Amino acid sequence: MPLSVTTPWALGGLPLATRAVLAPMAGYTDLPFRRLVRSFGGVGLAFSEMVNPDSILRGRSRKVSALVATAPDDRPLGWQIYGTKPGLLAEAAQWFEARGAELIDVNMGCPQKKICSRGAGAALMKTPELAVEIARRVVESVKIPVTVKIRLGWNAPDAAAELARGLEAAGAAALTVHGRTRAQRFSGAVDLDGIRQVVEAVRVPVIANGDVFTLAAAREMLERTGAAAIMIGRHTLSEPWFLRDVARDLAGEPPLAAPCFAERLAMMRRLYADHIQLYGERFGVSLFRRWIPRFAKGMGVPRPMMIAFLQAATPAEWEARMAEVERGAGV
Ligand SMILES: Cc1cc2nc3c(=O)[nH]c(=O)nc-3n(C[C@H](O)[C@H](O)[C@H](O)COP(=O)(O)O)c2cc1C
């Protein structure tokens with residue numbers, strides 16, 4: 001049965017084709033990975049990794065230009081920024097808008113100590129006046145929609161509804177809510193009722209987030225929270241086609257088979273080629289290592305072969321390891 005929420009929706013005037021949203025994940029959701037996820041279809045919206053405004057406004061190393069890389073097929077895309085200085089965040093939003101961005105997202109949910117100790121990320125939930133001021137300044141500085149990603153609170157799930165009202169009043173076009181407190185980080189169950197309270201507190205669309213690893217969990221999250229869409233992070237790292245599956249399921253379409261071995265090999269090659277193109281040979285080969293254990297697991301590659309793969313240091317070595325995997329599987 002299709003859910004009643006399958007009709008296209010818009011976010012601050014930006015039309016979105018499905019209610020499946022790719023989460024921002026630092027160290028993962030760069031252009032190569034977003035492209036891979038989008039290649040399966042079903043992505044209503046994707047977010048960049050969180051970007052430090054200082055790094056883009058003060059000169060651009062190769063690493064930063066890779067962080068802000070996008071492409072015509074990488075749409076719609078929200079650029080996520082983080083920090084505590086309203087003026088700097090506003091300037092960063094303008095920087096992205098001037099380069100064709102369609103959406104800016106402000107991170108108020110990151111639980112990491114090095115971010116929170118500076119008052120940024122989830123720590124902004126402890127300083128709601130500053131959080132609202134940041135949202136207001138960023139909204140005023142650009143014409144494109146601005147969204148904010150929050151958690152349910154700092155130590156207790158008691159901050160989100162009121163903060164959400166403040167952010168809405170400041171002009172946020174939508175809010176994403178990860179249904180945990182900062183204290184929980186990634187532990188404990190996601191609190192769907194807590195997300196629902198935010199949905200009920202505001203009129204702007206809410207994107208619900210946290211712990212969607214199955215189609216049933218995706219449906220349950222939408223049904224129980226009343227959210228406009230769901231955001232999915234970690235499960236896409238092992239199943240980059242999962243947003244396609246969720247979008248199809250919500251639309252009442254029959255499931256498609258997961259990619260076979262040969263398709264996974266092709267995926268891996270494409271992701272690798274995009275790494276080399278974006279990061280160059282040296283850094284591209286080393287950065288791609290983050291993906292090898294996940295692909296190896298999904299393709300049943302024996303551990304010694306995977307370890308040899310992780311040791312490949314040049315494109316030639318990488319090709320040799322890839323050929324072994326193909327031979328080993330009789331491809
Ligand atoms: C490796 C990793 C990096 C993340 N980086 C960010 C980030 O840059 N910005 C952000 O708002 N959330 C970040 N998150 C949180 C996710 O966007 C998401 O809220 C969280 O993973 C819960 O969703 P999930 O259960 O579907 O993974 C990150 C999560 C992970 C696992």
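Quick caveat, the model's predicted, so the values are computed rather than measured. Start at 1 and go down the list; that is how both ligands and their atoms are numbered.
Remark: distances from the non-hydrogen atoms of Gly27 to ligand 1 are all 4.0 Å or more.
The two residues Pro315 and Tyr272 come nearest to each other via the heavy atoms CA-OH, 3.3 Å. Heavy atoms only, all atoms of each residue included: Met305 and Val301 are closest at CB-CG1, 3.7 Å. Considering all non-hydrogen atoms of both residues, Cys110 and Met50 come closest at SG-CE, 3.9 Å. Ala131 and Leu163 make their closest contact through CB-CD1, 3.8 Å (heavy atoms, listed as atom of the first residue, atom of the second, distance).
When non-hydrogen atoms are compared, ligand 1 lies under 4.0 Å from the side chain of Phe186 (C-beta onward) but not from its backbone. Of the heavy atoms in Tyr28, only side-chain atoms (C-beta onward) come closer than 4.0 Å to ligand 1.
Of all protein heavy atoms, the one closest to atom 30 (C) of ligand 1 is Met25 CG, 3.9 Å. Considering only non-hydrogen protein atoms, atom 31 (C) of ligand 1 sits nearest to Arg234 CG, 3.5 Å. In terms of protein heavy-atom proximity, atom 26 (O) of ligand 1 is nearest to Gly233 N, 2.8 Å. Counting only heavy atoms of the protein, atom 6 (C) of ligand 1 lies nearest to Pro24 O, 3.1 Å. Nearest to atom 5 (N) of ligand 1 among the protein's heavy atoms is Ala26 N, 2.8 Å. Scanning the protein heavy atoms around atom 23 (O) of ligand 1, the nearest turns out to be Asn209 ND2, 3.0 Å.
Tested against Arg180, the residues Asn209, Asp191, Asp211 include a single side-chain hydrogen bond (donor to acceptor under 3.5 Å, both in side chains) partner, Asp211.
Rounded to the nearest 0.5 angstrom, Met322 CE and Arg327 CZ are separated by 12.5 Å. The distance from the CG atom of Asp54 to the CD atom of Glu91 is 9.5 Å, given to the nearest 0.5 Å. Note that OG1 of Thr214 is 11.5 Å distant from CZ of Arg219, once rounded to the nearest 0.5 Å.
Every atom of ligand 1 with a heavy atom of Ala23 under 4.0 Å away is listed here by number and element: 17 (O). Taking every heavy atom of Ile232 and a limit of under 4.0 angstrom, the matching atoms of ligand 1 come to 26 (O). Residue Asn107 approaches ligand 1 through these ligand atoms, each under 4.0 Å from one of its heavy atoms: 9 (N), 10 (C), 11 (O).
Nearest to atom 11 (O) of ligand 1 by heavy-atom distance, out of Arg290, Arg180, Gln80, Met50, is Gln80. Within the set Lys149, His235, His178, the minimum heavy-atom distance to atom 15 (C) of ligand 1 is found for Lys149.
Note on Arg34 versus Asp74: salt bridge recorded, some NZ/NE/NH1/NH2 to OD/OE distance being below 4.0 Å.
The shortest N or O to N or O distance between Glu49 and ligand 1 is not under 3.5 Å.
Cluster membership check: Leu22 does not share its hydrophobic cluster with Tyr82, using side-chain heavy-atom separations under 4.5 Å among Ile, Leu, Val, Met, Phe, Trp and Tyr.
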